[in-house]
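Heads up, the thing below is written out as structure tokens.
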Amino acid sequence: MRTYYTAVGNFRRKRDRAGQAYPVVMVNRQEYMVDRQEMALWTCLNWRITSMEQAREHYEKLEPSLYPYITRTFENCLKRVEVRGLVVSGNGDTDFEALYDLLDGLYVVPITAFLPATLPRADCFRISFFDGVPSVCFCCSISGNSSQTSP
């Protein structure tokens with residue numbers, strides 16, 4: 001059985017009343033606070049579709065910078081962000097089936113509602129959830145004050 005993983009949502013840095021910054025992942029217009037370990041794993045899976053072994057390799061590169069903040073194993077952290085909906089997975093007997101299962105529920109969503117209209121141009125890729133349905137946006141372009149997007 002093959003399994004592939006990828007991160008969903010987008011990263012935001014928020015500030016509390018004291019001015020301290022903290023990481024937040026936005027999924028389905030909902031904020032999810034993440035700890036350092038979850039943020040490192042989410043970052044490893046962001047912009048990537050990987051197996052667990054590949055995700056572990058990327059994570060292990062960041063792991064030394066996390067001490068003494070590591071509180072759970074890689075597998076437990078991966079399961080936690082998956083249960084929280086910050087990471088999605090797909091399973092199958094072949095690579096193709098696993099990839100299809102991963103991408104099956106994802107679809108393209110324009111991001112014009114999430115960016116200020118004053119941006120002259122924005123090219124991006126984002127996977128997020130809307131009303132519990134995963135969505136993906138590939139290379140949306142926004143020009144000037146227009147709300148039109150083009151692939």
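Here Arg36 contributes atom CZ and Cys77 contributes atom SG; the two are 14.0 Å apart, rounded to the nearest 0.5 Å. How far OG1 of Thr6 is from CG of Leu86: 12.0 Å, rounded to the nearest 0.5 Å.
A 4.5 Å side-chain heavy-atom check between Tyr4 and Leu103 finds every atom pair outside the cut-off. Using a 4.5 Å heavy-atom cutoff, the side chains of Glu82 and Val88 are not in contact. Within the 4.5 Å cutoff, the side chain of Leu41 has no heavy atoms near those of the Gln37 side chain. Residues Val34 and Trp42 form no side-chain contact, since every pair of their non-hydrogen atoms from C-beta on lies 4.5 Å or further apart. Counting heavy atoms from C-beta on, the side chains of Phe74 and Met52 come closer than 4.5 Å. For the pair Met39/Phe11, a side-chain contact is recorded, criterion being any heavy-atom separation below 4.5 Å from C-beta on. Looking only at side-chain heavy atoms (C-beta outward), Arg56 and Glu75 come within less than 4.5 Å of each other.
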For residues 13-25, tabulate all N or O donor-acceptor pairs below 3.5 Å that involve a side-chain atom, not counting sequence neighbours.
from, atom 1, to, atom 2, distance (Å)
Lys14, NZ, Glu31, OE2, 2.8
Arg15, NH1, Gly19, O, 2.7
Asp16, OD1, Ala18, N, 3.0
Asp16, OD1, Gly19, N, 3.0
Asp16, OD1, Gln20, N, 2.8

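For Cys44 against Leu62, the heavy-atom pair with the smallest separation is SG-CD1, 3.6 Å.
Remark: Arg2 engages Asp95 in a salt bridge (Lys or Arg N to Asp or Glu O under 4.0 Å) (not counting sequence neighbours). Shown here are the side chain to side chain contact (heavy atoms under 4.5 Å, CB included) partners of Thr50, two or more places apart in sequence or in another chain: Leu45, Arg48, Gln54, Ala55, His58.
A salt bridge does not link Arg80 to Asp35: none of the charged side-chain nitrogens sits closer than 4.0 Å to a carboxylate oxygen.
A donor-acceptor contact shorter than 3.5 Å is absent between the side chain of Asn46 and the backbone of Ala7.
In the hydrophobic clustering of ILVMFWY residues, with side-chain heavy atoms under 4.5 Å counting as a link, Tyr5 and Met1 come out apart.
The 12-atom threshold is exceeded at CZ of Arg72, counting heavy atoms of other residues, nucleotides or ligands nearer than 6.0 Å.
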